[in-house]
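Below is one structure, written out as structure tokens; the observations come after it.
Quick caveat: nothing in here was measured; it's all calculated off a predicted structure. Ligands are counted one by one from 1 in listed order, and the atoms in each one are counted from 1 as well.
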Amino acid sequence: MSTLDQSFVKNSVWKPDLFKGKVAFVTGGAGTICRVQVEALVLLGANAAIIGRNPEKTEKAAAEIQALRPGAKVIGIGKVDVREVEQLAAAAKKTVDELGKIDFVIAGAAGNFLSDFNHLSANAFKSVVSIDLLGSYNTIKATFSELKKNKGVILFVSATLHYYGVPFQSHVGAAKAGIDALSNALAVELGPLGIRSNCIAPGAIAGTEGFDRLVQSGSEEGQNKVPLARWGTTKDIAEATVYLFSPAASYVTGTIQVVDGGFWHLGSFAGDFYPSVIKQQNSIDNPKL
Ligand code: HXC
């Protein structure tokens with residue numbers, strides 16, 4: 001089910017037709033994070049192709065997203081494994097055949113599970129790095145001629161895990177660090193062609209697969225540790241995504257947009273005394289000049 005609807009446009013700071021005439025190509029578009037990104041782009045005028053491994057899931061999501069805006073065209077292309085560049089190239093061709101072109105690319109397909117290093121096989125590590133990092137590379141490789149033709153915009157879906165060491169996530173942390181490096185290199189290399197490349201790094205976003213796997217227990221209490229005092233929402237991801245694709249970000253490339261309520265800056269400081277000590281200090285009505 002879609003998480004956004006027409007009220008996103010009505011109550012938005014963005015113009016309703018901001019992305020009219022644009023076409024987005026999105027891997028992982030049937031998953032929660034990437035799906036809301038597509039919903040926002042489509043609600044604001046874009047057409048889209050969403051790419052996934054499971055044809056039923058992908059086609060169902062595409063039909064639901066298409067229904068969000070009268071006149072929208074959203075196609076679901078299933079049976080595509082981002083580890084296979086030829087499959088992505090075929091999906092890119094189908095997108096151009098059916099929707100005319102590709103302006104925006106979101107490389108979002110990802111795989112994750114919790115595993116300590118001792119129980120993580122070489123093949124398991126390789127699987128996640130291949131889906132997340134090689135899959136992101138393949139996605140840009142397969143859409144590059146369209147990006148070049150249309151002076152397109154790339155958005156990689158990263159994370160904050162690798163800013164410090166997160167246990168049971170060595171495979172994902174390594175893959176996401178590689179994605180950041182890939183995006184930075186592409187920003188520099190493809191900038192002269194008019195192509196921008198950025199990453200979005202979601203923190204704990206409620207209602208997503210990553211959240212259910214990694215946060216879950218104690219989630220009510222946990223959100224008090226976030227500086228902005230709440231878990232993120234999929235709408236927070238949608239808004240940041242719209243900004244990065246919009247002309248408002250036309251001089252923004254090679255950046256990593258963290259959307260986590262300030263959480264990662266706390267690092268190991270997210271102990272029992274935060275944020276109570278801040279609240280306590282600010283409850284004293286005796287500010288020093
Ligand atoms: C340890 C595991 C494991 C687990 C699989 N493996 N699950 N090892 N603990 N829980 C091992 C397998 O034993 C195998 O190694 C290797 O990984 C490959 O497994 P396959 O099932 O053959 O691979 P495949 O079918 O390609 O599946 C890939 C997958 C799977 C990543 C393992 O989980 C998947 O397809 N996930 C896609 C959906 C997903 O995960 N979405 C979450 C996105 S959330 P051996 O040695 O036995 O051969 C997200 C958030 C990240 O990414 C950031 C959070 C902040």
Does atom 21 (O) of ligand 1 have a protein heavy-atom neighbour under 4.0 Å away?
no
Nearest heavy-atom contact between Ile256 and Tyr163 is CG2-OH, 3.3 Å
Would you mind checking if Lys93 and Asp97 are paired as a salt bridge, meaning a charged N to carboxylate O distance below 4.0 Å?
yes
Which ligand 1 atoms, with their elements, are less than 4.0 angstrom from a heavy-atom of Ile131?
28 (C), 31 (C)
Can you check whether Thr3's main-chain N or O pairs, donor with acceptor, with Glu39's side chain at less than 3.5 Å?
yes
Among all protein heavy atoms, pick the one closest to atom 7 (N) of ligand 1 and tell me residue, atom and distance.
Phe113 CD2, 3.6 Å
Identify the protein heavy atom lying closest to atom 51 (C) of ligand 1, giving its residue, its atom name and the separation to 0.1 Å.
Asn112 ND2, 3.6 Å
Are a donor atom and an acceptor atom from the side chains of Ser2 and Arg35 found within less than 3.5 Å of each other?
yes
Of all protein heavy atoms, the one nearest atom 18 (C) of ligand 1 is Ser127 OG, 3.1 Å
Mode of Ala110 contact toward ligand 1 - side chain, backbone, both, neither (heavy atoms, under 4.0 Å):
both
For Leu120 and ligand 1, answer yes if some heavy atom of the residue is under 4.0 Å from a ligand atom, otherwise no.
no
Looking only at protein heavy atoms, which one is nearest to atom 55 (C) of ligand 1, and how far off is it?
Leu214 CD1, 3.7 Å
Determine the minimum heavy-atom distance between Gly207 and Thr32, stating which atoms define it.
O-CG2, 3.4 Å
Do the side chains of Glu56 and Lys60 get close enough for a salt bridge, i.e. N-O under 4.0 angstrom?
no
Tell me, which protein residue and heavy-atom name are nearest atom 36 (N) of ligand 1, and how many Å apart are they?
Gly111 CA, 3.8 Å
Using a distance threshold of 4.0 Å (strictly less than), state whether atom 12 (C) of ligand 1 has a protein heavy-atom neighbour.
no
Distance flag for atom 40 (O) of ligand 1, protein heavy atom under 4.0 Å:
yes
Less than 3.5 Å between some nitrogen or oxygen of Ser121 and one of ligand 1, yes or no?
yes
Looking only at protein heavy atoms, which one is nearest to atom 42 (C) of ligand 1, and how far off is it?
Glu209 OE1, 3.4 Å
Thr233/Asp236 under side-chain hydrogen bond (donor to acceptor under 3.5 Å, both in side chains): CA gap, chis, key distance, verdict
CA-CA 5 Å; Thr233 64; Asp236 292 319; 3.0 Å; yes
Does at least one non-hydrogen atom of Arg83 fall below 4.0 angstrom from an atom of ligand 1?
yes
Determine whether any protein heavy atom is located less than 4.0 Å from atom 26 (O) of ligand 1.
yes
Any side-chain heavy atom of Phe25 within less than 4.5 Å of one from Thr139?
yes
Does ligand 1 have any atom that is closer than 4.0 Å to a heavy atom of Lys126?
no
Give a yes or no on whether the backbone of Gln257 and the side-chain of Thr255 come within a donor-acceptor separation of less than 3.5 Å.
no
To which protein heavy atom is atom 30 (C) of ligand 1 closest, and what is the distance rounded to 0.1 Å?
Arg53 NH2, 4.8 Å
Leu43 and Gln6: which non-hydrogen atoms are nearest, and at how many Å?
CD2-NE2, 3.7 Å
Which protein non-hydrogen atom lies closest to atom 16 (C) of ligand 1, naming both residue and atom, and how far is it?
Ala124 CA, 3.5 Å
Would you call the rings of Phe113 and His171 parallel, tilted or perpendicular if under 30° counts as parallel and over 60° as perpendicular?
tilted
